[in-house]
Amino acid sequence: MVPPRALAYAASMPEPFRIAREQIERHNAARRADLEADHAHLGKQLARRGLDVERLTEAAQRFEVAVPSWGVGTGGTRFARFPGPGEPRDVWEKLDDCATIHQLGRATPRVSLHIPWDEPEDPAALARFAKERGLAFDAMNSNTFQDFPDAKHSYKFGSLTHTDPAVRAQAVEHNLHVIDVGKKLGSRSITVWIGDGGNFPGQIHFRSALERYLESLRAIHAKLPKDWTLFLEHKLYEPALYSTVNNDWGTSYWCARELGERVLCLVDLGHHAPNTNIEGIVARLIHLGKLGGFHFNDSKYGDDDLDAGAIDPFQLFLIFNELVDAARSDPRFAPAYMLDQSHNATHPIESLLASAMELQRAYVQALIVDRAELAAHQQANDVLLAHRALKRAFTTDVEPILAMARLRSLGAIDPLGAFRASGYRARKAEERPAFESSRSGIV
Ligand code: RM4
Ligand code: MN
Ligand code: MN
C-alpha cells in the first residue's frame, strides 16, 4: 500500500492545512490584556512568598515533554475503536498533528516513534520533514508484542524472553533495527517494553525467563551506540494476565544495574497496581541513580492510558515534587519526559495539548514548594505543617504563568480554544479520507 502522503506528493496536491500564525495572534490579542493583569496579580502574591514570577515563567517556557506518535491516532479498547474523521493515516500526517500540538502549546518539540508502526521508508526524508515543522525525535520504541506479516517467528509466547533462541534472536534483531532507524532520525534512546509473561500458573519458569530477558538485553546493549540510552519499562500485567517478566521497578532496577550505566529505568505511571505510591518509586530510583524517564498518563484501575492529570493531579504534582527536589541537588539530572496515552473518547490533539499543560502545571507547582519550610517541618516532625507546605503549592493556581509562557514562546494563550476556532479538524476531515487499511492508535 502506498502511503497517502506519497500519493499526495505524486499528484502534487496542495500542501496540507496548517494553522496560520495570524490566527494565533488574533486569538492572543483578544486575551492578552486579561492575561497580563492575572499574571501581574499572581506575581504580587508570589512575591509575598519570596518567589519571582518571571523566573517561574521562564522555567515554564523551558519545560518540554515528548508526544507519542501513536497518541495522535484515536485509541481504542480491546472491544472497539471509534476513529474520528481526519485522523492521521501515516507517520507524515502524525507529524503534522504533532507539529500543530507544539505550535499551540509550545511544550512538545519532540516525537517518540514506534517501530514498525511508524517505519519510515526514507528516514532522512522523515527527519527533514520533522525539522521543517520544528520537531525532533525523542526515544524510539520497539514493538515485539505483536506479529507483523513478514515476521518469521511469532511472539505469541514471548519475544526477548521466549524459550526458543531463534525467536529471541529475531526480537533482538528488531531492537537493533529500531536503533538503526533512530540513529538516522537523530534519536538518542530506545525504550524497550515487552509484553512477555504468562497467562497461567505453571506456564513460565520465572527465574529462567528473567535470565533470558537479561541475556537478550545484553545483546542489544552490546550494540547500543555510545551516546545512546536504553530505557527498560516495567509493567505489572497486560497483555500477560498472570505474570510478567519485567513486572516492577525492583526487577527493572536489577536488570538496569546488571546491564550497565547507559541502561536506565522508565516509569510508566499506568504500569502499577492501583494506589501504588508512584512518587515513592520515583524517589527510590532517583536515589539509586537509575531513573531514566517517564511515560506520563493517568489511570484509575489498570494501564488505562487516560490523560495525564485527569484522575489524580495531586499524584502528578507529588511526582514532580520529587523531580524538582532531585534537580536541586544535581543540575545534570534530566530524565526523559514522554506522554504515553490512548485517546479513545477525546480528540487526540486536544488531549495531548491538555496533558502537556497538566505536566507543566505540576512542574511549576512543584517549583513553588517552599523547600526550606518543608525541610524544617519534616525535621521537627510537624506532620500537618509539612503536609500543608506541599498543599499550599498544589492549590496555587499557576495558570497565568503557563499561559504567559505560551504567549512568550509564540503559542496560544488558550490552546484548546485556539485549536477549536482554527478549523483544523474540519480541514483534516476533508484532506484525509479514511482508507481501508488505515490504522492509528492502539486497540
Ligand atoms: C504499553 C507500554 C508501552 C507502549 C505500548 C503501546 O502498555 O506502555 O510503552 O509502547 O503500551
Ligand atoms: Mn508506556
Ligand atoms: Mn502502557
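Start at 1 and go down the list; that is how both ligands and their atoms are numbered. Quick note: numbers below take in every heavy atom, side chains included, and nothing from hydrogens, waters or symmetry partners. As the structure is a computational prediction, the values presented were derived from the model and not from experiment.
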Chemist: For ligand 1, which is the ligand I care about here, please tell me if Asp303 has any N or O atom under 3.5 Å from one of the ligand's N or O atoms.
Modeler: yes

Chemist: Identify, by atom number and element, the atoms of ligand 1 in contact range of His271, meaning under 4.0 Å from any of its heavy atoms.
Modeler: 2 (C), 7 (O), 8 (O)

Chemist: Rounded to the nearest 0.5 Å, what separation is found between the CD atom of Glu431 and the CD atom of Glu93?
Modeler: 8.0 Å

Chemist: Is it true that Lys184 and Asp180 make a salt bridge, defined as a side-chain N closer than 4.0 Å to a carboxylate O?
Modeler: yes

Chemist: Taking it one step at a time, do Asn321 and Arg371 satisfy side chain to side chain donor-acceptor pair (under 3.5 Å)?
Modeler: CA-CA 10 Å; Asn321 180 48; Arg371 285 179 199 278; 2.8 Å; yes

Chemist: Say whether Trp70, considering both its backbone and side-chain N or O atoms, lies within less than 3.5 Å of an N or O atom on ligand 1.
Modeler: no

Chemist: Using a 4.0 Å cutoff against the non-hydrogen atoms of Asp268, which atoms of ligand 1 qualify?
Modeler: 8 (O)

Chemist: Which heavy-atom pair separates Arg106 from Ser409 by the least distance, and what is that distance?
Modeler: NE-O, 2.9 Å

Chemist: Please identify which atoms of ligand 1 are closer than 4.0 Å to at least one heavy atom of His295.
Modeler: 9 (O)

Chemist: Tell me every residue that passes side-chain hydrogen bond (donor to acceptor under 3.5 Å, both in side chains) with His272, counting only those two or more places apart in sequence or in another chain.
Modeler: His234

Chemist: In Å and rounded to the nearest 0.5 Å, what is the OG1 to CD distance from Thr144 to Glu173?
Modeler: 13.0 Å

Chemist: Fit a plane to each ring of Phe296 and Phe294, take the angle between them on a 0 to 90° scale, and name the class: parallel (under 30°), tilted (30 to 60°) or perpendicular (over 60°).
Modeler: parallel

Chemist: Closer than 4.0 angstrom, basic N to acidic O: yes or no for Arg133 and Asp96?
Modeler: yes

Chemist: Taking 4.0 Å as the limit for heavy-atom contacts, which would you say applies to His114 with ligand 1: side chain only, backbone only, both, or neither?
Modeler: side chain

Chemist: Sum up the protein N, O or S atoms located under 2.8 Å from the Mn ion (ligand 2).
Modeler: 4

Chemist: Let me confirm one number: the CG-OG distance from Asp305 to Ser299, rounded to the nearest 0.5 Å.
Modeler: 8.5 Å

Chemist: Using heavy-atom distances only, which candidate in Asp305, Asn297, Asp340, Asn141 approaches atom 4 (C) of ligand 1 most closely?
Modeler: Asp340

Chemist: Which of these, Phe137, Trp193, Phe145, sits in a ring pair (Phe, Tyr, Trp, His ring centres under 6.0 Å) with His114?
Modeler: Phe145

Chemist: If you measure every N or O of Lys235 against every N or O of ligand 1, does any of those distances drop under 3.5 Å?
Modeler: yes

Chemist: Determine whether any heavy atom of Glu238 lies closer than 4.0 Å to an atom of ligand 1.
Modeler: no

